[in-house]
Amino acid sequence: MAKLSSLLHLLAASVVLAISVLLGHGVLHVGASRSVHRNLQTTVESTSAMQPYRTSYHFQPPSNWMNDPNGPMIYKGIYHLFYQYNLLGPVPGHKVWAHSTSTDLVNWTPHVPAIVPSEEYDVNGCWSGSATILQEHKPAILYTGVNRQNQQVQNLAVPKNLSDPYLIEWVKSPQNPLMEPTAMNMISPDSFRDPTTAWVGPDGGWRVIIGSQSNRTGMAISYRSEDFVNWTKAEHPLYSANDTGMWECPDFFPVSAQAPVGLDTSINGPNVKHVLKVSLSDSQHDYYTIGTYNSVTDTYVPVEGSVDSNSGLRYDYGKYYASKTFFDSKNNRRILWAWINESSSADDDINKGWSGIQAIPRTLWLDKSGKQLVQWPILEIEKLRTNQVDLPNQLIEGGAILEVSGITAAQADVEVSFEVKELEKAEVLDPTWTDPQMLCSRKGASVKGSLGPFGLLVMASKGLQEYTAVFFRIFKGQNKYVVLMCSDQSRSSINNSNDKTTYGAFLDVDPLHEKLSLRTLIDHSIVESFGGGGKSCITARVYPVLAVDDGTHLHVFNNGAESVGVPKLSAWSMKKARIN
Ligand code: DQQ
């Protein structure tokens, strides 16, 4: 009964917000929009005892459903994040572009939604898209509208007032829709969405790609334009791959082969490689390839990674979808945003009144090897660190568990490195063990090995009835040592209605010459881990029953037969950010 009344309360507050927007309050001043959001906030705060899973420094709105990050950009020194949002509840529904801004990518101010369904061409939803900074630093948004016939079309919106750094009001182009599926262009009306940030070619013309599929061949359809309004479809897609299904939220951008810096989206040249990322609707995973892009012929040839095989490269081997990058011209870096969905049931989402979190924005660059990308949480997040705790350099014997106390373990940042001396004792890797996720689920944290499992037990309850284990194992491969990184959720909660899939990735680090490093960001229901300085990342959602707030503990463990050195472990409590 209590649950029902809090749900009704929440729905009522959501309807207030929806009505105010529909009545034209999309142009409300920020102050007014805040008061509307405060209504929602009150609802959530009043039930805070029932809200142990809300994050403290990962971005999320006060309530309701959020999915893809949309149109991230920096304008006049202000960072903008738009996101797919259902005004009416914590389940998927008609989408608007909700909008928040920040000066540091850590603390966020909510604004009224920037783009809401209002016209024939987007009446059934304003779906994902991207921002492009045009000449004279003018931002423009291309987004997918779902029209009255439920066809997907591409539309343009521009700021009403360029002198407003918060870009509160957006105006839809009178020429919309700009790109449509027709019998002539043979594009399927339900598989044509999510325009990327556009880039300029050597001829001065704009190019953009849009996710699609044709008979299960996933593809990135190319369009060109001189004026950003009139777009012509290219004869061939930028890239396609058989039997990969629908490609959602493509992202295409250059990376420097010389230095770990970001590049503006239109840059190309001898020391530049290109990344094509696609979000595969079938598996709900983001895959990327690294290759070369010929901007004259508009062709892309991938060299590393593969979209059509399980061994393809992924940004993250856990929950991480519909990601999108932008070039931060202020700090010369490329920043990656992504949606982390729930592992809880839809009923639980309705009870808690919200669904969906954004991962911590990550800086991303090309690894020295040129074979993969590296990702690291934006430096700004470190300003939330407080109460640092360090463990002295020590050896952890096989079977040992050591508590790291003195921090808020449900809201923390932990960095640890491991050193393994007797590598010859590593277990032999069976050549058929090619699927890291499968290997991690077969050899979870409780399965004793030789070199490993060793790592962190996070979100652990006092008696260890609940914990999430993030760990490494080292194997002897054919001519090198192979490092496996796992995030094992099988013991994360005594509530069995949650998805507790174990995730895994191979980590391209040579334990003969390098220490194995692990950083884990813990935020109540999110465990976001970076192995080898960001070479492999795994994000998990967890909903413990016992290990909540002060009942949460952090441990370092070694369940292998051999001892492991821990030269360094630092952990911090994280302060709460203003996440909306
Ligand atoms: N989410 C949007 C679509 C996109 C999908 C709708 C990916 O535009 O393809 O909310 O999560």
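Atoms within a ligand are numbered from 1 in the order they appear, just like the ligands themselves.
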Chemist: For the residue pair Ser344 and Asn498, what are the closest heavy atoms and their distance?
Modeler: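 So the minimum-distance heavy-atom pair works out to CA-OD1, 3.7 Å.
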Chemist: Using a strict 4.0 Å threshold on nitrogen-to-oxygen distance, state whether Arg334 and Asp251 make a salt bridge.
Modeler: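 Not counted as a salt bridge, because no side-chain N and carboxylate O are separated by less than 4.0 Å.
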Chemist: Between ligand 1 and the protein, which N/O pairs fall short of 3.5 Å?
Modeler:
residue: ligand 1; atom: 1 (N); partner: Asn67; partner atom: ND2; Å: 3.4
residue: ligand 1; atom: 1 (N); partner: Asp68; partner atom: OD2; Å: 2.7
residue: ligand 1; atom: 8 (O); partner: Ser128; partner atom: N; Å: 3.2
residue: ligand 1; atom: 8 (O); partner: Asp194; partner atom: OD1; Å: 2.5
residue: ligand 1; atom: 9 (O); partner: Arg193; partner atom: NE; Å: 2.8
residue: ligand 1; atom: 9 (O); partner: Asp194; partner atom: OD2; Å: 2.6
residue: ligand 1; atom: 9 (O); partner: Glu248; partner atom: OE2; Å: 3.0
residue: ligand 1; atom: 10 (O); partner: Asn67; partner atom: ND2; Å: 3.0
residue: ligand 1; atom: 10 (O); partner: Gln84; partner atom: OE1; Å: 2.7
residue: ligand 1; atom: 10 (O); partner: Lys95; partner atom: NZ; Å: 3.2
residue: ligand 1; atom: 11 (O); partner: Asp68; partner atom: OD1; Å: 2.8
residue: ligand 1; atom: 11 (O); partner: Asp68; partner atom: OD2; Å: 3.3

Chemist: Hey, do the aromatic rings of Phe82 and Trp170 have their centres closer than 6.0 Å?
Modeler: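 Between Phe82 and Trp170, the centre distance is under 6.0 Å.
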Chemist: Answer with yes or no after comparing the ring centroid distance for Tyr239 and Phe252 against a 6.0 Å cut-off, counting only values under it.
Modeler: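 Tyr239 vs Phe252: aromatic centres not under 6.0 Å.
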Chemist: Centre of Trp376's six-membered ring, under 6.0 Å away, within 45 degrees of the axis: is that where NZ or CZ of Arg333 sits?
Modeler: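 Judged by the rule (NZ or CZ under 6.0 Å from the ring centre, within 45° of its axis), Arg333 is not positioned above Trp376.
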Chemist: Check whether more than 12 heavy atoms from other residues, nucleotides or ligands sit under 6.0 Å from atom CG of Asn215, and answer yes or no.
Modeler: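 Result for CG/Asn215: open.
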